[in-house]
Amino acid sequence: EEVLNSDKKDFILNKGRYKATILMSGLIKKTKNELAMVVGSLSGEVSDHTIYLKEIEKAIRRGVKISILFLQEPNRNSLLLAELLKYKNWGKDIKFYRGNGNTNRQILEYFPKYELPVHFAVFDDDKVRVEISPNDYVGFGVINDKEYATGISKFYKEKLISHSTEIFR
């Protein structure tokens, strides 16, 4: 929490489901305008945790725009997906996309040091969390780095979303 409340650039490593949940929830809590995510299926291991769901709900109520790109078929049993769909049906700015056959290749080109799958989230163009080993919940967060986060946000919007199919319209 101390790192998330700081105004200086920082880098946070995390490993494990609980730490991933805490970091993601903290980053969502700090989000004011926009959240963009690349996920597997929303398995629920992190995203269905109570603190995560509460922070997403608060973010939506603050007017945060949410965009999620699925690399796999969405998990229809996900509590987070159900919550997001409910708010989308109520007119909130929430969009869902399904990646295509080139999505993973494009992600590997952008993150050449890592192996698939790579999941990531961008928060307000100044915070990022990249999960380089989703099965082990190994990832890192970059805080207050506009250049790094803006680059990833631009990649998400211009290379991934622009070539993906919107779902759950």
Side-chain angles (χ1 to χ4, degrees), residues 1 3-5 12 14 16-100 103-104 106-107 117-131 134 137 139-144 146 149-169:
E1 181 107 9
V3 173
L4 293 174
N5 288 327
I12 305 167
N14 77 272
R17 181 177 31 208
Y18 181 70
K19 288 183 180 177
T21 302
I22 296 300
L23 181 55
M24 283 296 291
S25 298
L27 290 167
I28 293 165
K29 185 176 188 174
K30 292 292 185 183
T31 303
K32 295 180 177 104
N33 300 306
E34 190 172 7
L35 168 59
M37 301 170 67
V38 172
V39 303
S41 65
L42 287 180
S43 68
E45 296 289 327
V46 170
S47 59
D48 285 355
H49 195 286
T50 305
I51 61 171
Y52 191 107
L53 292 168
K54 283 182 183 179
E55 291 306 331
I56 283 286
E57 183 176 2
K58 289 178 190 176
I60 293 167
R61 290 175 187 234
R62 287 192 305 272
V64 171
K65 175 183 172 182
I66 298 175
S67 171
I68 298 177
L69 172 64
F70 288 92
L71 297 176
Q72 302 165 353
E73 278 301 310
N75 173 14
R76 302 287 182 153
N77 296 317
S78 165
L79 297 176
L80 176 60
L81 180 58
E83 191 75 4
L84 291 170
L85 287 170
K86 174 182 80 175
Y87 280 103
K88 179 179 179 57
N89 290 335
W90 291 351
K92 299 298 183 179
D93 194 354
I94 301 169
K95 293 191 174 156
F96 302 94
Y97 300 89
R98 180 69 166 94
N100 62 40
T103 304
N104 281 326
Q106 291 173 307
I107 291 171
V118 174
H119 301 166
F120 63 88
V122 183
F123 312 79
D124 285 341
D125 288 341
D126 68 346
K127 299 172 284 299
V128 175
R129 180 171 182 273
V130 179
E131 193 167 56
Y137 308 98
F140 61 88
V142 179
I143 316 298
N144 298 316
K146 241 181 165 15
T150 300
I152 294 176
S153 179
K154 184 176 177 181
F155 165 68
Y156 177 84
K157 292 173 184 172
E158 294 178 8
K159 299 289 185 187
L160 299 181
I161 294 304
S162 64
H163 302 298
S164 298
T165 303
E166 188 171 352
I167 57 175
F168 303 123
R169 289 177 176 236

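A donor-acceptor contact shorter than 3.5 Å links the side chain of Thr103 to the backbone of Asn100. Side-chain atoms of Arg98 never come within 3.5 Å of backbone atoms of Leu69 as a donor-acceptor pair (strictly under, hydrogens ignored). The backbone N or O of Leu53 lies less than 3.5 Å from no partner atom in the side chain of Glu83, so there is not a single donor-acceptor pair. Side-chain atoms of Asn33 never come within 3.5 Å of backbone atoms of Val64 as a donor-acceptor pair (strictly under, hydrogens ignored). Panel note: side chain Ser153, backbone Ala149; no donor-acceptor pair is recorded below 3.5 Å.
Not counting sequence neighbours, Glu166 has no partner by the side chain to side chain donor-acceptor pair (under 3.5 Å) test.
Side-chain contact check for Asp48 versus Asn77: every heavy-atom pair is 4.5 Å or farther apart. Within the 4.5 Å cutoff, no side-chain heavy atoms of Pro117 are placed close to those of Asn104. Between Ile56 and Leu84 the shortest side-chain heavy-atom distance falls below 4.5 Å. In this structure, Ile143 and Lys30 have side chains that are not in contact, with every pair of non-hydrogen atoms separated by 4.5 Å or more. A heavy-atom distance below 4.5 Å is not found between the side chains of Ile94 and Phe168. Within the 4.5 Å cutoff, side-chain heavy atoms of Met24 are placed close to those of Met37. In this structure, Leu71 and His119 have side chains that are in contact, with non-hydrogen atoms separated by less than 4.5 Å. Between Val142 and Ile152, the closest side-chain pair of non-hydrogen atoms is not below 4.5 Å.
Between the CD atom in Glu55 and the CG atom in Leu35 there is a gap of 12.0 Å [rounded to 0.5 Å]. Going from atom CD1 of Ile66 over to atom CD1 of Ile60 covers 4.0 Å, rounded to the nearest 0.5 Å. To the nearest 0.5 Å, atom NZ of residue Lys58 and atom NZ of residue Lys29 are 6.0 Å apart. In this structure, CG on Leu27 lies 4.5 Å from CZ on Phe123, to the nearest 0.5 angstrom. If you take CG on Leu23 and CD1 on Ile28, they are separated by 9.5 Å, rounding to the nearest 0.5 Å.
Sorted by first and then second residue, the ring-ring contact (aromatic ring centres under 6.0 Å, His included) pairs involving residues 32-71 (not counting sequence neighbours) form an empty list.
Here Glu57 does not pair with Lys54 in a salt bridge; the nearest charged N to carboxylate O distance is not below 4.0 Å.
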One pair to check against side chain to side chain contact (heavy atoms under 4.5 Å, CB included): Asn14 and Arg129. What are the steps and the verdict?
CA-CA 10 Å; Asn14 77 272; Arg129 180 171 182 273; 3.1 Å; yes
Start with the C-alpha gap between Phe96 and Leu81, add the side-chain angles, then the distance that decides, and say whether side chain to side chain contact (heavy atoms under 4.5 Å, CB included) holds.
CA-CA 10 Å; Phe96 302 94; Leu81 180 58; 3.7 Å; yes
Go through the steps for Ile107 and Leu160 under the test side chain to side chain contact (heavy atoms under 4.5 Å, CB included), then give the verdict.
CA-CA 8 Å; Ile107 291 171; Leu160 299 181; 4.2 Å; yes
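At most 12 heavy atoms of other shown residues, nucleotides or ligands fall within 6.0 angstrom of atom NZ in Lys154. Counting heavy-atom neighbours within 6.0 Å of Lys88 NZ, excluding the residue itself, gives a total above 12.
Taking both residues in full, the closest heavy atoms of Ser78 and Ser47 are given as OG-OG, 4.5 Å, listed atom of the first, atom of the second, then distance. Closest heavy-atom contact between Glu34 and Thr31: O-CG2, 3.4 Å.
Applying the side-chain contact (heavy atoms from CB on, under 4.5 Å) test between Pro74 and each of Leu42, Val39, Ile68, Ile167 identifies Ile167 as the sole match.
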